[in-house]
Structure formats: structure tokens, C-alpha cells
Amino acid sequence: MARIGALDRRTFLYGSALTAGAVMLGACSSGDGGGASSAGGKAANGPTGKGSETKPLQAPAKFQEAPMLSAQVKSGGLPAVDKRLPTEPYVVPHRWLEPGKYGGNLLVSVPATNDLQIREYMYGHSLLRFINDGLDVAPGLVSSWEANDDASEWTLHFREGLKWSDGEPWTTADIMFWWEDMVLNEEHSEVPPDEARSGKGTIMKLTAPDERTLVLKFDAPAPLTALRLAGYTKRGNGATWMEPKHYMKQFHPRYNKAVKKNWASADGEFERKRDYSANAECPTMSGWRLKSYRDGRQAIWDRNPYYWCVDKAGRQLPNIDTLTFTVVDDPEVGRLQMQEGKLDYVHGPFSGLTLADVSGFKQTAQRSSLEVLLWDSGSGTGSMFFFNYDHKDERMRALIREPKFRQALSLAVNRAEIKKSIYFETGEPTTGTMSPKAVEYQVNDQGKQVYRQWRDSFVKYDPAQAKTLLDGIGVVDKDGDGLREMPDGTKLKIRLDYPADTTKDHQQKNNLLKRDWEAIGVTVNLNPVPPDAYGDQWNSGALESQCAWEVGNGPDHLTQPAWLIPIEPTRWAPLEGQFYNLRGTPQEKQQLDVDPFKRTPPRMEPDPKGPIAKLWKLYDQSKLEPDEVKRRQLAWEMVKVHVTDGPFYMGTVANTPQLVLVHKDLRNVPRRDNLALGGFVNPWQHPTPAVYDPETYFWSNPDEHT
């Protein structure tokens, strides 16, 4: 069992007055790197037990199955349960679980019938798994694994007797099909994921010596492999890693010469058939399989009779017979349905819920039968702001790259008011960091000190000091109109760019930024941008800022480091991130004589003496360092660059709670007190609720929820 750390995820008004919300959430305070809330922690009928067993549990000698499956066994439609399970099934290790009951249906809303969030409920395709809020990596489809001394070769041993949902054997051939016939096939759009690259960035050599063994060979150390294999939901929001070869090969030209030439296009037959969230014929390894699909209206999933996981009593999971996902694309309609009791389980971040909703749901709890739970978000920033470090306008870019300019703006923000008015006195004010739950901050006192230093670096509300810093870099009011000019005398105007459909908490924060920065003499304009155009405009340097995101990656600084180091084009230095992204490819040396903003794609090399070059150098060292302690020290060095040369991104309030609504009859849903770190909702890489195994949820009265 690999011991590691924990980390971070996504953000997304209904009804309540500030005072009412503040009363509801008054207990939800946090200390240094600490938890978000005690409200919503333990309920009268809530589970007991905290965290998960780190040593894999041995499966019991006998197994049980759902009555609907027993009937099929008796009729000859299914093999016996012990023939459907692997020789050593995965035993879900959470300490809060109680023995379940079979049966019932769970009502959930989604914005689309095949929305990716559906796959966030199912960890079934993952080779390895996170437990204890990312502190530990546990077995998954892989029962055991090992690496050589320098972590350049990894061997994975899969469970014997795994089966797809149609009863066909799962073997390493299903992974090799993905690798050879999709990733390495130039006609297909699948690309090698992070875990398929060495510390040098080169692609691994993947072999399958037999049906249960996989060998990953790298040309350099790849120490983060296990962490990356555990992240996301494979064949979901993360890398695919497998497809049912026995089913999919009929749609692939290597195995079927009659396949059409557009087989690999987005609307080609191969892509349509492999979408197991829209095609009920496509086999799956998840706890539920698609049963019926009405596009744009409803998708019903029923239990997978070959699911490879059991509880401690030997009960094959899942407990609940069916999941019904109904499309609700209007957030206000969704809130109304929640209050009217038409939903059984609501994962707040998927539904755009904020802390402002808590009071309304508390008031309608008797009618809706929904209990409000609060899990820690793990966010390092809350609603945040960051400039485009590679902004196309040369004068503005020069100012953005001046640390004192960004430091002044951070000092001018009244985070105490943001904490009160948006987050109802929960969380902790922050300059903006990686997640407070990151292993680098949990491991020892030095780590805690590093976190506090970054968190507090420019968090103080000090408008006077902000003005002094701006004066010192020549951003002063030269014409006496009360508004500051840029050093060359032109008017300084900060543009707050954000997607037009962003949620109200981000908009509320943006209004407060505008007010606070105008108070120190800076002109600020709000600029909602059509969402479809946002990404391309950002990547090309056309947009000036982003103020509708929050930091969320995990479970340590280096597994998903894009906020810490610009390595791709969507974060705070898009053109330099794109330059890094293309290192080692033929494109790296192309178009070097072309204006960086006119290159395809737009990209630029960093100043060799600047902070990004420092971060790249440290990151390149860390990727090749097999020693965990030394990697952690390199991560701390990167944090120091953010403290001295930052803030590159600006946070407001860290680790605020996320809402989860749970029907009062639904059991085995953990409360905050049950979770090792109080929950870790926001990072997609730590897939919630999949990490808490919804397959173990059950109805106390299944017959009333059919």
C-alpha cells in the first residue's frame, strides 16, 4: 500500500438571507490547513467509523447477491455469484459502512443523459484507487504492483477472474487494445495520458506478458505512476485505459475491413459504440450498467451482475438496484425539484449549489426528505482571480509580470468580507495556494510552515500598503483625476474577464474585487465572455484575466501540477504552458521565427532568468526523482518561487464546504466526521463521490424507493 497525501477540485442562489446562512454555517470554521465544517458532520442516523482500512481486506468465504440476481441464477440466466466474481474480489474498506440491504432506485438529476458527471459515481474502471481522501493508494482492478529501484519499470498484477458486464472475461488484452489500436493508431484521437510518460516526457513501452500482468517500461524514472493510475475515473473523466476488445473490435478497421473510413471521428461508429453511457450494448466494469436511454430526457442504469467488488460481509455490490438520471438543464428548476423531494441524492458541485442554498434546503427538509451534508472542498483558493501572464498587449503584459503589481492588488482585497458574504464565515482567507490538504503540507511541521507562508504571503487587507507598492512601480495618478495610469502615462484599466454563464458566487466576488481595486485608484471593467469562445481567446493571449475558477488538483503538488507550474495552456501562463506542452515534439523547433502570438498554436519561451524558467527546472528535476522526500523538497522550492515572485493566481477563501443532499432513508453516505480529511470534493482527480463507493449506499426501506 502506497502512502501519499491528499488534494483538490472544482467550483461551480437561491433563497436565503445572509444572516440565516451565517447562523446555519457559523460552526463551519477552519484553522491552519484545516477542515471546513462541523455543520453537516454527524447526523442522528449517520454512520460511525472514520477513514478506510489501508491494508486490503480478505474476502469472506461465502458471497451473497441481490434477489433479482438470485432469481436469474435459478432460471439459468446467470452463473452462481461465486462464478461471477473474481477469485479475490475487492472488499470495500471504509470503516463507516454498515451491512446493507438490496433493492430500490436512486433518483439523480444531470444536465445531459450522457454527461461525464455520471461516470463520477463509478470507480469501476480504475486500475488503482484513492482512499482516505487521497492519503493512500489502494488496489483496484490491479490487486498488487511493484516498481524497480528507480521507478522506471512498473509491473501490475490484475485480479484473476474479472469479467465485463456481459460476462466475458476481462484481460490485459483489453488494455492493449486501447494502447495499440487507439493510442498508437494515428487515425484515432486518443493520446498517451500523463501516467504513460516518463520523467523526461517520453512515452512508455507497454507490454502484457500474460492475461493478468502488465509491464510499463520507461526510459527514465516515473515515480508518480501509482498516483496517476489512481486518479480520475478511468474510461470516464480520466484516460480510457481499456475498452472491451471482444465487443469493440467489430468497429475497428484492423479487425473488420468493412468498417467505414470515418470510424474514428466523433460521430463515427467506433466512438458511438464505445460510449457505454449512451450505448446499452457496450460492456462496462462499473457497478451499474446502462439499461435504457432516452436522449435528452432520462438514462436508467441497473446493477452489473459481474461487478467485482463486495462489502465486508461478502455481499456483492451494488446494494441499490437502479440509478435513474433525469435531465434537468435549468439550475432553478433543479433546486425546485430538490425542495419538492423529487431527487434522492444531489452532489452539490454538479448542480451549481453554493453555501447560499443551505438555509433554503434546511427550511424545506421536511417536505423534501433531504438532509444537508457539508464535505470539505479541499480548495486552495475559493473563487479566484489571475491575470494572463502572456497577455497579447505588450504594455499590459509587462505590468502583469511585475510582482509588486500583483502583490498590491492582492493586499487591496478585503477577504474577510468575502468570507462573510459569500462563504458564510467558513474556510480560511488565503493568498491562494495548492490545496491545504496536500501531502506536502500534511507530512510534518516544515510542510505546515510552508503552507502558512504561502497562504499568508499577501493575504492581509492593507490598502495603504497596496497604494505604496503601486506608487513604487510608477502606477500613479499623473493627471489628478483620482485614477492611476500605467508607467508610460496611459490609463490603467483592468478587465475582469469571465465566462458569461458563471455562477453567482463568482460574480459576487468579482463585484467585490472591482470595488476594492477602484478604492485604490484602479479602473476596473467587468467583461462577461461567451463560454464557447473563452478557451481559444485565453490560450491565444487575447483575454486579460480569469476570475471564475478555483484551484483544484491532487493528491500532491506534482501529480497534477498545472497550477504550480505552467505546463499547458489553460492556466495563468498559457503561451509558456503551451511551449512546455510541445517540448520534445517536432513542433518544438518549428515557427521560432514567427511572432509567438501568431504561431500555431500560440506559444512562447519563458525568460531564462524569470520565475517560470525556475519552476520548469525544479519540476524537471522532480519528475526524475524517485525519492519521495527529495521530491517533496523540490515542491517546497517551487512554492517559494510563488511566494517571492507571485501571486501568480490570487485566492480568496480556502477549503470552504461543498453541499451534498441526501435522502433521510439513504444509508452508508459518509458524513464529514467519517472522512479521513473531512472530505476532498473539488479535484476531478480525486473523483467524488466515486471514491466513497456509492455502490455501498443502500435504502433502509428499499420497497419504498422502487
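Numbers here simply count residues along the sequence, with the first being 1. The structure presented is a predicted model; accordingly, all values stated were derived computationally and were not measured.
Between the side chains of Tyr441 and His557, at least one donor N or O sits under 3.5 Å from an acceptor N or O.
Note on Asp275 versus Arg119: salt bridge recorded, some NZ/NE/NH1/NH2 to OD/OE distance being below 4.0 Å. Comment: Arg95 engages Glu53 in a salt bridge, judged by a side-chain N to carboxylate O separation of less than 4.0 angstrom.
Within a 6.0 Å sphere centred on CD of Glu146, other residues, nucleotides and ligands contribute more than 12 heavy atoms. Counted within 6.0 Å of CZ on Arg297, heavy atoms from surrounding residues, nucleotides or ligands total 12 or fewer; the atom is thus considered open. Around atom CD of Gln298, more than 12 heavy atoms belonging to other residues, nucleotides or ligands sit under 6.0 Å away.
Trp170 has its ring centre less than 6.0 Å from the ring centre of Phe158. Under the 6.0 Å cut-off for aromatic ring centres, Tyr345 and Tyr697 qualify, their centroids lying closer than that.
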Quiz item: What's the verdict on salt bridge (charged side-chain N to carboxylate O under 4.0 Å, His left out) for Arg303 and Glu695, showing C-alpha distance, side-chain angles and the deciding distance?
Solution: CA-CA 9 Å; Arg303 63 173 62 254; Glu695 295 84 0; over 6 Å; no
Exercise. Give the intermediate values and the outcome of side-chain hydrogen bond (donor to acceptor under 3.5 Å, both in side chains) for residues Gln560 and Trp684.
Key: CA-CA 10 Å; Gln560 280 293 322; Trp684 287 97; over 6 Å; no
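Considering CD of Gln337 and OG of Ser351, their distance stands at 10.5 Å, rounded to 0.5 Å. Considering CD of Gln363 and CZ of Phe361, their distance stands at 11.0 Å, rounded to 0.5 Å.
Figure legend: cation-pi geometry between Arg159 and Tyr90 absent, as NZ or CZ is not positioned both under 6.0 Å from the six-membered ring centre and within 45° of its axis.
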